[in-house]
Protein chains: 2
Amino acid sequence: MGAEAQRTEEWADVTPDAARRLLTAAVQAFAERGYHATTTRDIAGRAGMSPAALYIHYRTKEELLFRISSVGHRLALDILRQARDGAGTPAERLAAAVRRFVRWHAEHHTTARVVQYELGALGEEHYAEILGMRRDTDAAVRAIIEDGVAAGDFDVPDVRGTTLAVLSLCIDVARWFNVEGKRTPDEVGELHAGLVLRMVGYDGTLPTGV
Amino acid sequence: MGAEAQRTEEWADVTPDAARRLLTAAVQAFAERGYHATTTRDIAGRAGMSPAALYIHYRTKEELLFRISSVGHRLALDILRQARDGAGTPAERLAAAVRRFVRWHAEHHTTARVVQYELGALGEEHYAEILGMRRDTDAAVRAIIEDGVAAGDFDVPDVRGTTLAVLSLCIDVARWFNVEGKRTPDEVGELHAGLVLRMVGYDGTLPTGV
DNA sequence: ACGCCCCCTAAGCGCTTGCTCAGGTTCGGG
DNA sequence: CCCGAACCTGAGCAAGCGCTTAGGGGGCGT
């Protein structure tokens, strides 16, 4: 499945068609220039519409950002929760979590960039709502690490700090990942999964799997 | 030494006084709201001046950003080069590099945020100039890791990828570090130094030092 | 005492911004 | 054939933007 196919799939349940086109146009524009440097005319232009058309489907420019941020956080959270609740040893589940989380940030790095770096532009209420999802994200990763510590598979002196560092390492992929670069999302995910297992003091070999 | 003292010290060689006040005002504003959401009136207001005063000391708003970015990158690069060229084993030098680099990103997280996340707002020529310094940053860290591999102290299958990940982990501190939080810059630096030594497969204990 | 230069402000110019609104087009159901 | 609902556009408004300009005040050397 190519990146293009996934990009449309990601917003598949946004209707009507024009609203989805505006949304994907906004994702691209926000990712390229940032929220504040993007004009409503630019978004509408990319979607092949007049500026006024935007306001039929969204009340403000900020609502567009919130919708993107909301869907993006939901997707990222689902990835981590699936790994947390999946089968296998803590090492296998942590490796799977990192692999998929990193792969998502690389593959959908435009969306991920908006999701991770444009939070500050959200309105107060929307920001608070997103913050809740981010706390859940942290909790999901922490749960896996705590499982590993309890099982005696991991050696982690500072669980909260290490959780933060693991998430930090994964999220930052969205900042530097470049489609023109030599590394595929799969390769980056694999590399990071290995690094994270070392960070938690797992002394076995990197488990394979999705 | 408090953060306040360091903040002024950081821009000590910027003269005259009004130019420095404008610069520090811009750093705060850019870090809080982002470059594009910051107005020249806001910057001038924070510095206790009229909007026009800005243009006596700086030709454009973008030049202000470039100056900040330039000084910030220079400071960060110096930290890493000092660690690279310092005495000690590769593990000691890598630990020192991460400790100090992370500490800088935590202590000066306002400056660091502008330096790391507002690159895209730079003009083309200024951007190219900054990019050169960023390549040097990468090279400095890579050199230490290569030393450790050559000495047989580190086990790193993918040197370039791991270098990128190490830098990534350190840089991202600027995004999440919160002065209100419970962790001091020193503690965060210590934690990350330990994590990075694990990432490079160093099997000794964390060396102490600056 | 005087002229000079540096530093600053008040006012505002030209432009772009987010957003609005009256009016037109398209299309399925009766 | 007509109606109403859904969707879209052209034109434009008020506000805010980066930046400019004309002019004033204060401290310096002479």
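The chains referred to below are lettered A, B, ... by the order of the sequence lines, with proteins before strands, and numbering in each begins at 1.
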Which of residues 29-42 of chain A have a heavy atom under 4.0 Å from DNA chain C?
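Nucleic-acid contacts, sorted: A:T38, A:T39, A:T40, A:R41.
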
Of residues 52-67 of chain B, the positions that come close to DNA chain C - non-hydrogen atoms, cut-off under 4.0 Å
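Listed by number, they are B:A52, B:A53, B:I56, B:H57.
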
Is B:T38 reaching over with its side chain to a backbone N or O of B:G34, donor-acceptor style, under 3.5 angstrom?
yes

For A:Y58, give me all partners under side-chain hydrogen bond (donor to acceptor under 3.5 Å, both in side chains), at least two apart in sequence or on another chain.
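Once residues adjacent in sequence are excluded, A:Y58 has no partner under the side-chain hydrogen bond (donor to acceptor under 3.5 Å, both in side chains) criterion.
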
Taking side-chain hydrogen bond (donor to acceptor under 3.5 Å, both in side chains) as the definition, give me every residue that meets it alongside A:H105, ordered by chain and number, with sequence neighbours left out.
A:Q116

Can you name the side-chain contact (heavy atoms from CB on, under 4.5 Å) partners of B:E187, sequence neighbours left out?
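Checked B:E187 against side-chain contact (heavy atoms from CB on, under 4.5 Å); matches are B:R183, B:T184.
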
Test of understanding: with side-chain contact (heavy atoms from CB on, under 4.5 Å), list the residues that count as partners of B:A143, not counting sequence neighbours.
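Testing B:A143 for side-chain contact (heavy atoms from CB on, under 4.5 Å), a comparison that skips the adjacent residues, returns B:R84.
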
Do any of residues 118-126 of chain B sit with a heavy atom less than 4.0 Å from DNA chain D, and if so which?
none

What residues form a salt bridge (charged side-chain N to carboxylate O under 4.0 Å, His left out) with [X], not counting sequence neighbours?
| X | value |
| --- | --- |
| A:D85 | none |
| A:R134 | none |
| B:R160 | none |
| B:D42 | B:R33, B:R46 |

Less than 4.0 Å between a side-chain N and a carboxylate O, is that true for [Y] and [X]?
| X | Y | answer |
| --- | --- | --- |
| B:D78 | B:R81 | no |
| B:D17 | B:R20 | yes |
| B:R103 | B:E107 | no |

First and last nucleotide of DNA chain C in contact with chain A, 5' to 3', at under 4.0 Å to a heavy atom: what are they?
C:dT17 to C:dC21

